[in-house]
Amino acid sequence: MRYGLISDIHANLEALEAVLAALQKELVDQILCLGDVIGYGPNPNECVELIREHAAVCLIGNHDEASLGRVDLDLFNYMARQAIEWTTAQLTSDALEFLRPLPYAKSYGNFMIVHASPDEPRRWNYILNLDDAAQGFEGFTEQICFIGHSHTPWVIPLQPDGRMRVLHDYPLAVQDDCRYLINVGSVGQPRDRNPDAAYGIFETEPLRYSLKRVPYDVVATQKKIRTTGALPAFLADRLAAGQ
Ligand code: ZN
């Protein structure tokens with residue numbers, strides 16, 4: 001199997017379209033979406049529609065859940081809250097119907113997918129350092145766990161002797177005796193100082209993973225964010241900086 005892994009689209013239609021076009025060229029068998037289809041960006045309904053059409057599986061993210069009114073908005077910073085309130089007002093009943101039953105995690109035997117940390121998927125913990133990663137590894141039994149949530153792509157292998165490190169080299173050949181946490185980065189709001197949309201390609205025979213980047217029309221998305229008049233301007237500015 002050849003999977004396309006995407007996460008944190010955040011209602012950025014231009015970025016999602018660019019990634020879907022790239023995935024079509026990559027000839028993936030299935031697209032797995034790790035959540036946060038909406039929030040921050042100007043096109044929540046359009047992005048939900050494209051994900052519904054193209055993804056074999058979509059997990060729920062914290063922004064998706066917040067837009068359904070199921071998360072305390074005090075857990076979000078001011079900007080995220082503004083965006084969630086605006087997004088909630090935009091969502092069609094079709095989009096709500098799609099988002100409501102989405103699962104928190106899914107296992108595929110030797111790998112699993114989850115939006116945030118696998119140890120407690122519903123608590124939306126971030127994996128930002130190796131201590132967080134150690135806790136994350138406790139939360140799953142599969143060899144590999146793919147995540148999103150922090151918008152920063154990396155690979156953390158856990159060696160048999162318990163050592164961990166952070167890798168940014170691709171393609172990654174999966175070693176039999178290692179376990180892995182892999183952050184697939186963000187389609188619609190990358191925060192690793194590279195504004196290009198991120199996605200992952202995961203092949204199962206042999207086990208191999210690669211992070212890919214594709215440029216998109218950032219200026220078009222920025223214009224749309226600004227013309228809403230309700231989304232904070234920083235949400236437009238940050239797209240060009242990739243942070
Ligand atoms: Zn996110």
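First listed ligand is number 1; within each ligand, the first listed atom is number 1. Residue numbers start at 1 and run along the sequence shown.
Between R81 and D72 there is no salt bridge, since no side-chain N of the basic residue sits under 4.0 Å from a carboxylate O of the acidic one.
Note on H10: its N/O/S atom closest to the Zn ion (ligand 1) is NE2. The atom of D8 that is an N, O or S and sits closest to the Zn ion (ligand 1) is OD1.
In summary, H149 places no N/O/S atom under 2.8 Å from the Zn ion (ligand 1), failing the contact criterion.
For D8 (side chain) and S186 (main-chain N/O), no donor-acceptor pair under 3.5 Å exists by modelled atom type.
For Y209 and Y180, the distance between ring centers is not under 6.0 angstrom.
Taking 4.5 Å as the limit, every side-chain heavy atom of F146 sits out of range of all side-chain heavy atoms of S7.
H151 contributes NE2 and D36 contributes OD2; the angle these two atoms make at the Zn ion (ligand 1) is 180°, rounded to 10°.
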